[in-house]
*Asks:* 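Questions regarding the structure given below will be posed in turn.
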Amino acid sequence: MSSPVPAWALTAAYALHMLATIVLVGGLFVLSVLWLPAASRSLSAHDQANLLRAISRRFQPLAWLSIAVLVATGMTQMAASPNYLGLLAIDNLWSAAMLAKHTAFGAMLALAAYQTWVVTPTLERQALLRAADTGLEGRAATASQQRLLRINLWIGIVILGLTAIARTA
């Protein structure tokens, strides 16, 4: 049985999927393992909050674009897979791994939404209050931002592991 997806489109989907994964998981790794731990040791709470705001403004659009690319290219790849038997047809190791992967991706998406629309605006409000010289430090929101980045990184690593399971099933 031939794939319903042309070979060129499947090749493009694989390449874009890998690129989006690198941007998203790689960005989470750099932020949560390299930059933020170094910043928390060497910057004041005020400077750390400003750094997080600046990074968020640059990284979040890339992260959301990566998520959109992952969804589109993932659907293309799934349509082409001979292991795909239909929505919620869990009849083999591949489909079980894909269900777990998509569940983890949903959790990652929910955390990213919370971070984008709750934590980041809180950091921005706190920065405005500090600029008005209210003395508010903002460590709690900064710590929350860092914790969410680390959790999302670990979810991304789990997703990569589930992908490996699905690829070898």
Side-chain angles (χ1 to χ4, degrees), residues 2-39 51-90 92-124 141-169:
S2 67
S3 170
V5 179
W8 67 266
L10 192 55
T11 300
Y14 281 128
L16 289 172
H17 202 81
M18 286 186 286
L19 179 62
T21 300
I22 290 166
V23 169
L24 185 60
V25 178
L28 290 169
F29 177 83
V30 167
L31 288 175
S32 61
V33 174
L34 301 176
W35 280 15
L36 297 179
L51 175 65
L52 268 173
R53 276 183 39 246
I55 289 171
S56 291
R57 285 194 174 157
R58 293 189 76 100
F59 181 64
Q60 283 179 353
L62 289 173
W64 284 110
L65 177 62
S66 294
I67 287 168
V69 169
L70 287 168
V71 169
T73 58
M75 291 174 70
T76 302
Q77 291 175 49
M78 192 172 332
S81 175
N83 292 309
Y84 180 64
L85 303 174
L87 185 64
L88 295 179
I90 314 300
N92 54 35
L93 180 59
W94 180 87
S95 57
M98 293 305 284
L99 177 62
K101 174 182 172 178
H102 293 138
T103 301
F105 187 75
M108 186 180 224
L109 191 61
L111 285 174
Y114 178 75
Q115 191 167 354
T116 297
W117 292 300
V118 176
V119 177
T120 298
T122 299
L123 284 171
E124 290 175 356
T142 301
S144 177
Q145 181 92 324
Q146 290 176 347
R147 187 172 37 261
L148 289 173
L149 285 169
R150 280 192 300 274
I151 291 169
N152 259 343
L153 171 62
W154 281 110
I155 293 172
I157 291 168
V158 167
I159 289 170
L160 290 174
L162 292 167
T163 301
I165 291 169
R167 297 288 290 165
T168 58

*Asks:* Can you pull the ring-ring contact (aromatic ring centres under 6.0 Å, His included) pairs that have at least one residue in residues 142-169, sequence neighbours excluded?
*Replies:* none

*Asks:* Apply salt bridge (charged side-chain N to carboxylate O under 4.0 Å, His left out) to Arg57 and list each qualifying residue two or more places apart in sequence or on a separate chain.
*Replies:* Glu124

*Asks:* Within this structure, what is the CG-CG distance for the pair Leu70 and Leu16, rounded to the nearest 0.5 Å?
*Replies:* 10.0 Å

*Asks:* So Phe29 and Ile157, side chain to side chain contact (heavy atoms under 4.5 Å, CB included) or not? Walk me through it.
*Replies:* CA-CA 10 Å; Phe29 177 83; Ile157 291 168; 5.9 Å; no

*Asks:* Where the side chain of His17 meets the backbone of Ala13, is there a donor-acceptor pair that is under 3.5 Å apart?
*Replies:* no

*Asks:* Go through the steps to decide whether Phe105 and Val71 satisfy the test side chain to side chain contact (heavy atoms under 4.5 Å, CB included), and finish with yes or no.
*Replies:* CA-CA 10 Å; Phe105 187 75; Val71 169; 3.8 Å; yes

*Asks:* Can you tell me how far CZ of Arg167 sits from CG of Asn83, rounded to the nearest 0.5 angstrom?
*Replies:* 10.0 Å

*Asks:* More than 12 heavy atoms of other residues, nucleotides or ligands under 6.0 Å from OH of Tyr14: is that the case?
*Replies:* yes

*Asks:* Which atoms form the tightest heavy-atom contact between Ala9 and Val5, and what is the distance?
*Replies:* CB-CG1, 3.9 Å

*Asks:* Heavy atoms only: give me the nearest Pro121-Thr116 pair and the separation to one decimal.
*Replies:* CD-O, 3.3 Å

*Asks:* Set out, in order, the CA-CA distance, both residues' side-chain angles and the distance that settles side chain to side chain contact (heavy atoms under 4.5 Å, CB included) for Met108 and Leu24, then state yes or no.
*Replies:* CA-CA 11 Å; Met108 186 180 224; Leu24 185 60; 4.2 Å; yes

*Asks:* Strictly distance-based, threshold 3.5 Å: is any side-chain N or O of Ser81 a donor or acceptor partner for the main-chain N or O of Gln77?
*Replies:* no

*Asks:* Does the side chain of Met78 come within less than 4.5 Å of His102's, by heavy atoms?
*Replies:* yes

*Asks:* Between Ser56 and Pro61, what is the shortest heavy-atom contact and its length?
*Replies:* O-CD, 4.0 Å

*Asks:* Nearest 0.5 Å, what's the CG-CZ distance between Leu28 and Arg150?
*Replies:* 12.0 Å

*Asks:* Looking at Trp8, I want to see if its CH2 is surrounded by more than 12 non-hydrogen atoms of other residues, nucleotides or ligands under 6.0 Å.
*Replies:* no

*Asks:* Would Asn92 and Leu85 count as a side chain to side chain contact (heavy atoms under 4.5 Å, CB included) if you check the C-alpha gap in whole Å, the side-chain angles of each, and the deciding distance to 0.1 Å?
*Replies:* CA-CA 9 Å; Asn92 54 35; Leu85 303 174; 4.1 Å; yes

*Asks:* If you take all heavy atoms of Leu148 and Leu111, which pair is closest and at what distance?
*Replies:* CD2-CD2, 3.5 Å

*Asks:* What distance separates Ile155 CD1 from Leu162 CG, expressed to the nearest 0.5 Å?
*Replies:* 11.5 Å

*Asks:* If you look at every heavy atom in Leu153 and Ser32, which pair is closest and at what distance?
*Replies:* CD2-OG, 3.2 Å

*Asks:* Taking the side chain as every heavy atom from C-beta outward, state whether Trp64 and Leu109 have any pair of such atoms under 4.5 Å apart.
*Replies:* yes

*Asks:* Find the distance between CG (Leu19) and OG (Ser66) and round it off to the nearest 0.5 Å.
*Replies:* 7.0 Å

*Asks:* Only one of Leu160, Val158, Ile165, Ile159 forms a side-chain contact (heavy atoms from CB on, under 4.5 Å) with Lys101, so which one is it?
*Replies:* Ile159

*Asks:* Of all heavy-atom pairs between Val69 and Thr73, which one has the smallest distance, and what is that distance?
*Replies:* O-OG1, 2.7 Å

